[in-house]
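To start, the structure under review is shown below, and the notes come after it.
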Amino acid sequence: VPRKPVPVLTEFELLVMLAVLQLGDAAYPLAIGDAIETKTGRKAARGAVLVALERLEHKGLLTSAYGDPTPVRGGRAKRLFRPRPAAIRAVRASLDRIDTLATGLESVLKPQ
Amino acid sequence: MTPRPTSRLTEWVLGIALSRYRASAIVGDIAEELALRQEKGGGPRWPRLWGESRALLYLLAEMRADLPPSLRRIGHIVRDSLRGLRSARATTAFILLILTVSISAATVTFSVVDTVVLRPLPFPKSEELVVLLMGNADRAVTIDRSYRDIFSTQEFLAWRETDGLAALAAYTGATLILSQGSEPDPVRAASVTASLFPLLATPPVAGRWLMPADEVPGQDAVAVIGQRLARRLFGEADHAIGQRLQTPSATLTVVGVMPDGFSYPLDTPDPVEVWQPLEVTTERYSSGGGGMSRYFHLVGRLPPDGSPEGARAALDAASAPLRADFPSMADDWPPRVVSLYDSLFGHVRGWMLLVLAAVSLLMLVACANVANLLLVRSSARAREMSVRASLGASRRQLVTGLLAESVLLSLTAAVLGLTVASWGIGAARAALPAGIARADGIALDMRVLAAAIAAAAITGLAFGAVPAWQASRADLVTVLKETGPTMAGGCRRWRTAFVVFEVAFVAMLLVATTLVVSSFVNVTRADIGFERDRLIATDSVRFSGTIDSAIDTMQQVPGVESVGAIGMGSPPLIMRGLGRGGSSSVDLYRPDGRDTINAQSRRVSDSYFRAAGIALRRGAGFDQATGPSVILDERSAMALFPDRDPIGAIVRLGKPRPGAAAGDDLTVIGIVASVRMDGPEAEGTPQVYMPLVRRDGSTSPLPVLNGGNLQFIVRTSGPAEAVVPAIETTLAQLSPPRAGRPGPRAMVVEDAFRNLTADRRFNAGLMAIFGAVAFLIGSAGLYGVLASVVAQQTREIGVRVALGATAARIRHDVMNEAGRYLLAGLAIGLPVAWLVSRAFGSLYFGVTPADPFVYLLVAAALAGAGVLAAALPARRASRVDPAIALRD
């Protein structure tokens, strides 16, 4: 059976995807944005994170569900995102592409 | 629990736009983020505001994510062009302002003119409809303007069967008080002959038209009503048939319902909604003594191949029996035949078209100005385009961006224009002078709005996008080598042309505005033979007691300066201006039988002339009279006695007829100023005055027409409005009204004057607004061009200064440039204005299109604006430092 082609991720989508994987069961937009900002130092606008999540869900890489309400959120539920199997393949493919292109550049990219 | 970071409204909006869960999760994220920030100590200063803006951000993000990719690209384009417009904030705002003003002004004006004047009448083949006007135009004027289209039973019966007309109908208007509910409900009504309905050829939506059988007395308690009234009273048109209409005098059975939009007569303030049968027979409508009394308006339809001239000839032939029966009125026939359209709109058509022309000029000025602003901008952007192209932007991307900017600008202007126009249309409806047919049907015309927006959009594309595009094709190196903003030669030529045309358009508009406004001023200042300020006229009251005692009573009212009384006819301006009172006329002739004239007659007290401020030119007033006497106005004195001194001369009443007994002799004792009874613009009519009080016991030469009825004219010492209530109270004491009836009214004569000049006032106000706006836009346009020319020539000016040119010389050159634009604009605009304004000759009063003063004034105003517009750029140019200019 021919497999569906793996969707190509943009750089920001890749970051969001990795953050979702890192956060596991606690991946909701605010936390994802925070994770990207604290770990990479890159600015992640809340709107942009949300757009990326929606798009990834649309591409079939993520699913979302609503968690339990918490007091700090004014008694409102979180929208939690989880990776689907295709997500792992897509992230791997993206990272592979980067690795492939980076191969042979070790001396340039990581000067001793 | 943390406080709510957003308002309920925002949450509701989010919930509607997304889904309840998604909205809730977003609000939760916002709340959590806020709490986190506050924990860290770096929370926003206004949490609620921060929360709201976050919510908006999320909402936009969600919506963007939902868009298909093609729309998302459009979103990017829009965002980029918004950025582009924002970078030139002042220009964008100015363009939007100009476009909004001109789009809304054009839309409102076109909508009004189209509804009132341009749209055909709402009847099939309406061009065949005609009304009859009194044949002898001079006499129609003499008698009274409002009687010029009223006819008698005999005339209607004589003309009804003529070949010249396919049909003829008679009607009179009235207000009917319905008493269906608890409140009396006045509706506009008309009594019409059954022939009116087939003549207008509009089928009923339910039931039937009135039939000839309905006219027969005893069977005439029927009515046809309008669909709106049917809905209001009975719910549905079909339900109305057979229902009863209660009026104080009769119960009418509804036999038919006419569709919405049908109304006749059309010149009523609100649509006619009830039509009752009218039987026209000599038994019913004729004056005693075999005379002819006029009651009806007549409307006819020409045969398909007929013409008004043909109809008039046929009516002439049909008038033969009338001439035989009423030889003294032979001059009245045949009647004039005028198209219904002209009779309704002839008087407003001219000024409405003038206003339309004015607003079109305004639109042209606006478009020229916007084009100029865009040209400045596009030449400034040529560098940007070239750079972007060299960095790899495809031509398609560049063009799309430019187009988007243009479209965005036009769309924003369209939305703003629509908003202002929908407000403006209400204002225009409220401000329109009363009595304009179809004014209640005025609504925003979407076609016109679309046309105005299209004009703006085309201007934007032609002068914003195209030049920028062309500029982008220029070689990058060439463009970048030229320091500072550049302008291609072609662009410059366009700009010069635009500014010249702008000046020309503004000049044309200002000429028209000056003519119209000064006409209005002349009308208000015209000598109308009496003094109208601080003057009150009263309704006619009937009272017992002597006239002198009544005048004395009125005189005692605080604030009253002098009082006069009239026993026949009404005070000046009141009848035409306020639609109250009546008039009466007599024929006068000299004993030698020469020079019969027809004059308006009034019986007045001694004090009338003083109270009304009518100047006594020669002779004396009635208080000096010793026998039957008459006072003539200058016009009738001139007509009767062109050859001799009228004072002491004898005139007789009536017409000289061979064999008839001589009329009574009246001695002319005085000549007073001619009064323009119907306002400054109406044709003046000869007037004669006879005494109200018999001084010497001799019998009055005139039958007293309205025994004991008097109207007062009161001159007040202060503002007339303040004295009106006291006068009305005094009138009610002199003549207590019957129970349930309103008391007699006192009317401010200036109000009547204001009504008579309402058209002009409106017109002048509108033209003044258009003129002022165009003047401002034009001046700003001139300034813009000069400023950018100076900016572009900075280097050149620097070189010249370095070579020894003085500051005065440089200033002089900029001023010169402004002068050249102005001269060219005026050279085009003023002659065209002269040619065009001649077409509107009937609208002017006391000023002619050939008046050189008007053109001098306009030229001076524009020259003044030109000097002001050039002053700042000239100053800037004269301060150019060559060192800096050449280095930059």
Side-chain angles (χ1 to χ4, degrees), chain A residues 5 7-10 12-17 19-20 23 25-39 41 43-82, chain B residues 1-8 10-12 14-15 17-40 42-44 47-48 50-76 79:
Chain A
V8 178
L9 301 179
T10 65
F12 191 66
E13 282 172 351
L14 179 61
L15 293 182
V16 168
M17 213 56 180
V20 169
L23 287 166
D25 284 347
Y28 61 102
L30 187 65
I32 295 167
D34 270 355
I36 295 174
E37 283 189 357
T38 50
K39 290 199 174 157
K43 183 107 183 82
R46 298 294 176 265
V49 172
L50 197 62
V51 172
L53 287 169
E54 296 280 3
R55 244 179 250 164
L56 291 169
E57 190 176 19
H58 191 75
K59 286 180 185 173
L61 302 180
L62 294 176
T63 61
S64 68
Y66 295 92
D68 296 326
T70 59
V72 72
R73 297 171 56 83
R76 290 164 198 283
K78 289 172 183 165
R79 186 170 172 203
L80 296 169
F81 287 85
R82 286 206 181 80
Chain B
M1 200 181 271
T2 40
R4 181 186 280 279
T6 55
S7 66
R8 274 175 201 284
T10 308
E11 279 176 47
W12 181 79
L14 282 175
L18 310 169
S19 75
R20 205 151 57 80
Y21 293 109
R22 263 159 97 178
S24 174
I26 284 176
V27 174
D29 276 11
I30 296 173
E32 190 179 336
E33 192 181 355
L34 180 63
L36 272 173
R37 280 172 167 240
Q38 283 169 339
E39 229 174 70
K40 284 188 203 156
R48 187 43 90 73
W50 177 87
E52 299 286 356
S53 59
R54 269 284 131 123
L56 183 69
L57 219 69
Y58 276 115
L59 176 66
L60 290 179
E62 287 274 9
M63 285 165 71
R64 216 167 73 207
D66 285 345
L67 289 177
S70 55
L71 283 183
R72 229 178 293 151
R73 205 154 43 234
I74 291 179
H76 286 171
R79 203 181 50 200

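Throughout, a chain's letter reflects where its sequence line sits, starting with A, and its residues are numbered from 1. The analysis underlying the following values was restricted to heavy atoms, covering all of them including side chains, and did not include hydrogens, waters or symmetry mates.
Residue B/Leu36 touches chain A through its side chain alone, counting heavy-atom pairs closer than 4.5 Å. For B/Ile30, no part sits under 4.5 Å from any heavy atom of chain A, backbone or side chain.
Between B/Asp29 and A/Leu50 there is no side-chain heavy-atom pair separated by less than 4.5 Å.
Closest approach of A/Val51 and B/Ala61 over heavy atoms only: CG2-O, 3.2 Å.
Ranked by heavy-atom pairs shorter than 4.5 Å toward chain B, the options A/Ala31, A/Ala52, A/Pro29, A/Ala45 are led by A/Pro29. When each of B/Leu57, B/Leu60, B/Val27 is checked for heavy-atom pairs under 4.5 Å with chain A, B/Val27 comes out on top.
Of the listed residues (A/Arg79, A/Arg76, A/Lys78), just one forms a side-chain contact (heavy atoms from CB on, under 4.5 Å) with B/Ser24, and that residue is A/Arg76.
Within 6.0 Å of OH in A/Tyr66 there are more than 12 heavy atoms belonging to other residues, nucleotides or ligands. Shown here is B/Arg20, whose CZ atom has no more than 12 heavy atoms of other residues, nucleotides or ligands within 6.0 Å.
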Stepwise, does the salt bridge (charged side-chain N to carboxylate O under 4.0 Å, His left out) test hold for B/Arg22 with A/Glu57? CA-CA 14 Å; B/Arg22 263 159 97 178; A/Glu57 190 176 19; over 6 Å; no
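Of the possible polar contacts, one joining the A/Arg73 side chain to the B/Ala25 backbone as a donor-acceptor pair under 3.5 Å is found.
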